[in-house]
2 protein chains.
Amino acid sequence: MDQKITRDPAMTDVARLAGVSHQTVSRVLNDHPNVREQTRLRVRAAIKELGYRPNRAARALVTGKTQLIGVVAQNSTLYGPASLLSAFEEAAGEAGFAVSVGRVKVLDRDSIAAAVERHRDQRVAGIVVIAPNSSAADALADVPADLPLVTVDGDPERPTPLVTVDQGAGAFEATAHLLQAGHATVWHVSGPPDWFDAAGRVAGWRQALETYHAEVPPVVAADWSAAAGYKAGQMLARMPEVTAVFASNDHLALGVLRAMHERGRRVPHDVSVVGFDDVPEAAYFIPPLTTVRPDFAAVARETLGLLLEQVSEGESIRPRRTIAPVLVQRESVAPPA
Amino acid sequence: MDQKITRDPAMTDVARLAGVSHQTVSRVLNDHPNVREQTRLRVRAAIKELGYRPNRAARALVTGKTQLIGVVAQNSTLYGPASLLSAFEEAAGEAGFAVSVGRVKVLDRDSIAAAVERHRDQRVAGIVVIAPNSSAADALADVPADLPLVTVDGDPERPTPLVTVDQGAGAFEATAHLLQAGHATVWHVSGPPDWFDAAGRVAGWRQALETYHAEVPPVVAADWSAAAGYKAGQMLARMPEVTAVFASNDHLALGVLRAMHERGRRVPHDVSVVGFDDVPEAAYFIPPLTTVRPDFAAVARETLGLLLEQVSEGESIRPRRTIAPVLVQRESVAPPA
DNA sequence: ACCGATGATGTTAGCGATAACACCCGTCAG
DNA sequence: CTGACGGGTGTTATCGCTAACATCATCGGT
């Protein structure tokens, strides 16, 4: 005959074993001050002996709060968002929060609203939305204000709590680096125009050109793919006056490299190229790519901090945080021939 | 003066508005049969009017079950695991389950055990572990058997429920493709030896060589990075007898391409290269990479299905599932010179 | 020696849902 | 005509926890 499957031990079981009331067990668990040291030890021993594990559902029911953070992100494997998400999950885990991820196929209003609703259903303590483009940012207007919410990579123009990489500063540095190498100007292959990251990089690029009194060539608009970078590169490769290209991310840069290669324009001898993101394999492109590296771990930390401030205090004194990226120099930049 | 912040509507509020008992509301919510159609409509209307949202914590407390699935994954942005995770989150979301991700810095026993514990604390309905190497697989021995658990990319030798890409078949196909192009043999740059994916690919490669009665050269062991591929490639590029290389993933292949390029060995004219994963930018390597594409969405679907079978039925009739990948032909393979 | 403050603990009342059972009322077979 | 049956509904207990209050020593100040 099977042994009767007993239910998981509850607080009362611990209390009985320790010879105290369940409330005292609760106090020990929540680090209340007024518990005698000896009692505390007895309770802890009982907890250990029974393998007791507090029931979060019960706690959530009575307190009305959970230790859950919802994240809304697009279902993509783009390096930036994926790194960010991963870093955030780790940071939150270390802070004792569980992270529930709601993936969304497209970042439109309906999908985001639905994902946020699902998270509200779960009574999350707060929500992080990775909202890197304007449709996503628009959708946030629908989110009720009673729920702590932090936007990552969102619209810098909006007054919502936001953490983002300083795209402008990174792009400025990349462009300035090329100009300082002696190039007359720098062409730019941009990401999708409705992405804030892309827009910010365009702005930084333009500002650098203006600062150095260089001519501002037209932006070559693309998306984030190597395919688009290749196409843009094919065009740029045919133009002899193009000697320096700043691509809005490393995969675009990869496409540009390939197009230049096919056209017989050597990098960096004939054309210099700089990317953005510092994907792990960027150091092994042909040639190794000079690029801009954002600190995703820092973004994740700031995001978590900002969210928790809102959770505990209702709002934050410093609701906008910007993380400056650094330029990583490799071998894709040289003075013009 | 502030309006009093009223709490979220509960079932009793809906009941009062609809003029029924809270239990009837519960019945409507759970689609119980014995509710008059008219009552059902009245209740639904009340739910809508109040914006009522069932409290999952309360439900979990009384039923002892949650709609939460825990995932344990490494904190990395490797393309395979990241794609898998993303696909799984989407699949689970569509099935009405929330996914709580526990990231782990390294896949060792302690970290995994801790992550699993955190998920148990949350009373997840089941756990998915992305356990692509042996240390991770070992750690699973510690996981109590009372919790539904599915391993993804885990040890094919273990009798646990498992879903994995058919590494052997993919590697076989890649190798056979090179041999059929006329190469006398195929060299292999492998991933980390303790990863099952890598081991499976080595096995498939070897099997193909044996099937075609080709000589089996020594395995060039690396990790998953472009850096390691570059190093391996530098060695292989110096060996004139090397005309075909199967790299265990696309980033390794990228490193090999670069090494070949630097050494003046043209791909595919002098050396053919095949990768594995079909990362989005593989089509824009120089030259576009022939590679093996796993279907991560299928893996995710099978994983979810397997887990839910265990949750509802205790076990599964078909606890091991394998997804066959396909060869994607591009321009990095040609007959030997 | 008395008394209020303080510390350590116990008791009771919910949180918001589901489960189990009770109840009412038609319908239908005997 | 009556009693068994079952659909539709309400009532009550319960899940495991925390909040709020109650209780009872102990202790220092007058």
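Chain letters run A, B, ... following the sequence lines, proteins first, then strands; residues in each count from 1. Bear in mind the structure is a predicted one, so any value in this text is a computation, not a measurement.
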Donor-acceptor pair, distance only, cut-off 3.5 Å: does the side chain of B:H119 make one with the backbone of B:V72?
no
Rounded to whole Å, how long is the line connecting atom NE2 of B:H22 with atom P of D:dG8?
19 Å
What is the distance, to the nearest angstrom, from the CG atom on B:D8 to the P atom on C:dC15?
14 Å
Distance in angstrom units between B:R53 CZ and C:dC15 P, rounded
20 Å
Using atom types as modelled and distance alone, determine if a side-chain donor or acceptor of B:T322 lies under 3.5 Å from a backbone N or O of B:D166.
no
Separation of A:H32 atom NE2 from C:dG10 atom P, in whole Å?
15 Å
Pick the closest DNA chain C nucleotide for B:R27 and for B:Y52 by heavy atoms, then say which residue is nearer the 5' end.
B:Y52
Side chain to side chain contact (heavy atoms under 4.5 Å, CB included) partner of A:L306, the single match among A:R301, A:R321, A:R320:
A:R321
Please tell me which of B:R123 and B:P33 maps to the more 5' nucleotide of DNA chain D, matching each residue to the nucleotide holding its nearest heavy atom.
B:P33
Can you tell if the side chain of B:I130 reaches within under 4.5 Å of the side chain of B:F88, non-hydrogen atoms only?
no
For B:D13 and C:dG16, give me the distance from atom CG to atom C1', rounded to whole Å.
10 Å
Please figure out whether B:E37 or A:T12 has its closest DNA chain D nucleotide nearer the 5' end.
B:E37
With a non-hydrogen cut-off below 4.0 angstrom, is A:N34 in contact with a base, only sugar-phosphate, or nothing?
base
For the residue pair B:P294 and B:V299, establish whether any side-chain heavy-atom pair is separated by less than 4.5 Å.
no
Considering only heavy side-chain atoms of B:R36, the closest of D:dG8, C:dT18, C:dA13 is D:dG8
Proximal nucleotide (of C:dT18, D:dT18, D:dG10) relative to the A:M11 side chain
D:dT18
Of the options C:dG10, C:dA17, D:dC17, whose atoms approach the side-chain atoms of A:Q23 most closely?
C:dG10
Would you say B:N30 places a side-chain N or O within less than 4.0 Å of OP1 or OP2 belonging to C:dT18?
yes
How many Å lie between CG on B:L29 and P on C:dT18, as a whole number?
6 Å
Whether B:S86 side chain and B:A82 backbone form a donor-acceptor pair below 3.5 Å:
no
Could you tell me if the side chain of A:V150 sits less than 4.5 Å from the side chain of A:Q310, heavy atoms only?
yes
Using atom types as modelled and distance alone, determine if a side-chain donor or acceptor of A:T151 lies under 3.5 Å from a backbone N or O of A:L162.
no
Is the distance from OP1 or OP2 of D:dT11 to the nearest side-chain N or O of B:S21 less than 4.0 Å?
no
Residues of residues 56-69 of chain A with a heavy atom under 4.0 Å from any atom of DNA chain C, listed by number, are A:L61, A:V62
D:dT9 OP1/OP2 closer than 4.0 Å to side-chain N/O of B:T39
yes
Rounded distance (Å) that lies between atom P of C:dG16 and atom CG of A:D121
15 Å
Just how far, in rounded Å, is P of C:dA8 from CD of A:Q38?
12 Å
